[in-house]
Amino acid sequence: MSFTRRYFLRSTAAAASATALVSPVFIRNAFAAEPILVGSLHDQSGTMAASGSPMVDSLKLGVEEVNAAGGLLGRPLKLVHYDTQSNIQLYSQYAQQLSVRDKVAVIVGGITSASREAIRPTFDRFRTLYVYNTLYEGGVCDRNMFITGTTPAQTVAKLVPYAMSKGGKKVYIIAADYNYGQITAKWMQKYVKENGGETLSVDFFPLDVTNFGPTISKIQAARPDLILSALVGGNHVAFYRQWAAAGMKDRIQIASTTFGLFNEPATLSAAESDGIIGTFGYFEELTTPASTAYVDKLKKLSPGIPYISELAAATYEGFNLWVEGVKKANTIERLPVIEALETGIAFDGPSGKVVVDHKTHHVSRNTYLAVVKDRKWIVTETFPDAQPLDTAAVCDLVKNPNDNKQYEISL
Amino acid sequence: MDLAIILALDVLNGTASLFLLCVGLAIIFGMMKIINLAHGEFVMLGAYATVIATNAGVDIWVSMIIVAPLFVGLVGLLIERCLIRFLYGRLVDSMLATWGLSLLLIGLVTTIYGNTMNGVPTPLGGFQVGEYRSSWYTLFLAGMAVSVMALVYALLRLTRFGLIARAVMHNPNMAATLGVNPDRVYMITFGIGAGLTGLAGGLLAPLSGITPVMGAAFIAKCFITVVGGGATIISGTLTASGLFGLINQLGAYLTTPVYGEVILFLSAIFLIRILPQGISGRFFKGMS
């Protein structure tokens with residue numbers, strides 16, 4: 001092969017870029033105050049982007065605050081964020097990348113239960129600490145991770161009796177057809193029964209259903225007093241619109257575990273959404289000083305944020321719990337940080353005091369009940385220090401630290 | 001009895017929505033043989049046009065019935081000039097190009113309006129049938145479907161443009177030798193198809209959660225309806241919409257929404273197996 005100019009240029013370019021790729025490794029070892037890497041896996045595009053984008057913004061706020069206060073253990077924090085594009089395959093790929101190549105100290109992220117279950121084994125295998133901050137169906141028992149989102153015992157258990165007192169005892173459940181909806185519907189049935197009610201029917205909807213006409217007729221034929229909804233996503237919002245269009249809204253009470261997690265109250269007209277009841281670990285409308293300060297800061301950082309829900313607030317709290325754990329352990333090593341967090345570390349976040357529970361690696365936190373009025377949530381009740389009782393009933397990481405599975409409720 | 005009326009209204013609702021969603025695709029795919037995978041995004045653009053116009057203070061009826069189809073029709077013309085006109089007769093290429101187009105449109109709308117939900121309230125209210133309630137909007141949709149049907153029929157059968165368009169679709173070279181400019185006819189026809197799809201988006205906007213990715217929910221149903229309907233636009237799309245609307249709505253009512261979808265797709269497969277040319281290929285040959 002002759003040595004041409006073109007070949008020379010190509011090979012030099014390749015060598016140069018290879019050096020560029022390798023060099024950070026040397027630099028990393030050369031300086032003492034190298035940044036601590038915080039991994040982030042959230043969807044900023046695709047169907048889950050409406051959930052993911054505020055979570056990333058909230059995480060960025062947390063990182064900026066720590067850095068402004070002089071960093072952690074004298075080192076600055078650096079966010080390594082990958083947009084998982086609502087694609088489970090990318091979750092698996094980037095999870096490996098964060099653990100193996102980037103070697104981050106902690107990973108904050110995962111949104112749907114499907115994405116969490118895709119990446120959880122990866123972090124277990126590569127021993128990377130994982131913090132998950134979405135409200136979910138409960139039951140995950142894994143010492144390598146901490147979960148800050150609310151579980152059914154913290155929300156559904158409060159929502160059902162209140163909604164039944166407003167609506168009545170005959171309940172119709174509608175839910176999205178994947179693991180979140182399926183398992184949440186089971187919890188709903190359990191709480192309805194415990195409160196002396198009767199579940200008339202449970203209907204599941206694939207995420208691309210847009211025409212709810214037959215369902216609305218079916219609900220009318222069943223004559224319930226109350227509808228419990230765990231519908232998910234933009235397509236399912238059509239239910240609330242078509243329900244109101246048929247003039248049913250003031251006839252049967254609706255309560256939901258998912259409505260209002262994005263900007264639904266602001267999107268729907270008052271006539272369509274007034275009176276819908278929801279329970280979450282956080283509402284943007286909370287007027288505590290911690291909450292308003294957080295909302296101001298986050299809106300300043302990302303003015304386009306449509307609504308700050310539990311997803312964003314729990315992400316901020318989950319990240320800060322980890323920060324507190326590192327401070328206490330005085331290292332970013334995985335096991336000492338886990339042990340520090342297990343001592344019951346607390347953080348005063350926008351939603352109130354959040355305390356890590358050693359037994360389940362979930363948190364006890366305030367949850368709130370709110371009713372939609374004039375396209376906004378009006379928070380009417382606070383449940384202080386709600387415990388993750390659902391998971392605590394099946395999971396004990398004090399006794400079995402090596403337990404590693406997701407328990408499911410059986411009726 | 002009341003229940004029967006309500007169920008009939010459900011079927012009417014399903015049929016009318018499906019017809020409105022599909023008639024644009026029937027023109028673009030059935031007539032022009034362009035596999036338009038960006039069809040769902042045309043619906044989405046129509047819905048966004050309606051939301052934005054309504055929020056800007058335009059009357060909701062005007063934004064649904066005039067702004068949405070006009071805007072998407074113009075976008076369709078632009079897309080035809082820049083992309084589609086190079087793809088006539090290249091079925092597979094058109095698929096790839098319009099898939100890219102759909103990603104582009106989703107990306108554009110997300111960039112401009114954010115990945116959040118939008119919406120306009122449903123006009124009109126509900127009415128009582130015995131102990132049940134249904135919405136006037138269902139009847140309005142059915143009325144619109146009939147109007148669109150009449151309009152497309154009149155355009156294709158009774159006007160000179162319709163005659164030329166059918167001739168061009170049938171044999172562009174022959175039409176060209178007779179002095180017609182096929183390029184222009186293709187452009188206008190594509191614009192009309194896009195406009196009708198935009199109209200569907202506008203009309204469904206008050207009943208949907210509007211997001212940049214909403215189009216994905218419609219695309220599969222639209223294609224099976226158009227393929228199931230066969231080559232003729234009005235009679236094919238109408239019968240297929242009626243059949244699939246009936247199957248889907250009653251299936252969802254009698255079983256569960258999950259099986260409603262399953263039954264729909266199974267029956268579509270069955271239909272295409274026994275009638276490979278679609279319903280109209282067997283029963284309404286030669287009509288439009």
Side-chain angles (χ1 to χ4, degrees), chain A residues 43-54 86 174 177 201-218 220-221 223 231 233-249 251 262-264 266-273 304-307, chain B residues 2-3 6-7 9-14 17-18 51 106-107 110 114-128 131-138 204-214 216-221 245 248-254 256-258 260-262:
Chain A
D43 306 310
Q44 280 182 306
S45 46
T47 48
M48 293 305 297
S51 315
S53 303
S86 308
I174 48 179
D177 191 25
S201 177
V202 185
D203 283 1
F204 294 105
F205 299 85
L207 289 174
D208 59 355
V209 168
T210 52
N211 189 326
F212 287 86
T215 305
I216 289 169
S217 305
K218 217 168 152 179
Q220 294 190 48
R223 295 196 184 83
L231 296 175
N235 290 332
H236 283 181
V237 168
F239 170 77
Y240 302 102
R241 315 210 94 135
Q242 292 167 17
W243 180 252
M248 288 304 297
K249 216 211 54 171
R251 296 170 180 247
F262 315 120
N263 56 341
E264 289 98 331
T267 307
L268 272 63
S269 68
E272 289 169 321
S273 60
I305 200 163
Y307 182 76
Chain B
D2 302 339
L3 186 61
I6 283 291
L7 287 182
L9 283 171
D10 279 343
V11 171
L12 186 68
N13 174 9
S17 337
L18 207 52
V51 171
I106 293 174
T110 310
N115 218 317
T116 57
M117 213 172 304
N118 282 284
V120 282
T122 318
L124 306 172
F127 62 91
Q128 197 82 25
E131 290 184 353
Y132 296 87
R133 291 191 65 85
S134 186
S135 75
W136 287 114
Y137 202 79
T138 300
L204 291 179
L207 296 176
S208 330
I210 298 159
T211 61
V213 290
M214 67 185 283
F218 303 115
I219 185 102
K221 266 183 209 167
N248 194 12
Q249 301 288 79
L250 285 188
Y253 181 83
L254 296 172
T256 67
V258 181
E261 305 278 290
V262 174

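Labels below follow one simple rule: chain letters A, B, ... track the order of the sequence lines, proteins then strands, and each chain is numbered from 1. Side-chain atoms are counted along with the backbone in the values below, which use heavy atoms only and exclude waters and symmetry mates.
Contact annotation for Val258(B): both backbone and side-chain heavy atoms come within less than 4.5 Å of a heavy atom of chain A. With a 4.5 angstrom heavy-atom cutoff, Ser45(A) touches chain B only via backbone atoms. Using a 4.5 Å cut-off between heavy atoms, Ser53(A) makes no contact with chain B at all. In this structure, the portion of Pro206(B) lying under 4.5 Å from any heavy atom of chain A is its backbone and not its side chain. With a 4.5 Å cut-off on non-hydrogen atoms, Gln249(B) touches chain A through its backbone and its side chain both. For Val120(B), the part lying under 4.5 angstrom from a heavy atom of chain A is the backbone only. In this structure, chain A has a heavy atom under 4.5 Å from the side chain of Thr211(B), while its backbone stays farther away. With a threshold of 4.5 angstrom between heavy atoms, Glu272(A) approaches chain B through side-chain atoms but not through N, CA, C or O.
The CZ atom of Arg223(A) sits 5.0 Å away from the OH atom of Tyr132(B) when rounded to the nearest 0.5 Å. Atom CG in Asp2(B) sits 12.0 Å away from atom OG in Ser217(A) (nearest 0.5 Å). Between atom CG of residue Asn13(B) and atom CD of residue Gln242(A) there is a gap of 7.0 Å, rounded to the nearest 0.5 Å. Atom NZ of Lys218(A) is separated from atom CG of Leu7(B) by 11.0 Å, given to the nearest 0.5 angstrom. Interatomic distance, Arg241(A) CZ to Ser135(B) OG, rounded to the nearest 0.5 Å: 13.0 Å.
Taking Ser134(B), Gly251(B), Gly260(B), Ala216(B) one by one and counting their heavy-atom pairs under 4.5 Å with chain A, the maximum is reached by Ser134(B). Residue with the most contacts toward chain B among Thr267(A), Thr210(A), Leu268(A), Asp208(A): Thr267(A) (heavy-atom pairs, distance under 4.5 Å). If you tally non-hydrogen atom pairs under 4.5 Å between each of Val237(A), Asp203(A), Asn263(A) and chain B, the highest count goes to Asn263(A). Taking chain A as the reference chain and counting heavy-atom pairs below 4.5 Å, the highest number among Ile6(B), Thr122(B), Asp10(B) is found for Asp10(B). Ranked by heavy-atom pairs under 4.5 Å with chain B, the first of Ala49(A), Ala245(A), Ser51(A) is Ala245(A). Of the listed residues Pro214(A), Ala221(A), Gly213(A), Ala50(A), the one with more heavy-atom pairs under 4.5 angstrom with chain B than any other is Pro214(A). Counting heavy-atom pairs under 4.5 Å between each of Leu207(B), Ile210(B), Val213(B) and chain A puts Leu207(B) at the top.
Here the side chains of Thr256(B) and Phe204(A) are not in contact, with every heavy-atom distance at 4.5 Å or above. Asn211(A) has its side chain within reach of Ser17(B): a pair of non-hydrogen atoms, C-beta onward, lies under 4.5 Å apart. Side chains of Ser208(B) and Asn235(A) form no contact here, defined as non-hydrogen atoms less than 4.5 Å apart.
Nearest heavy atom pair, residue Pro257(B) against residue Thr215(A), reads CG-OG1, 4.3 Å.
In terms of modelled atom types and a separation under 3.5 Å, the side chain of Gln220(A) and the main chain of Arg133(B) share a donor-acceptor contact.
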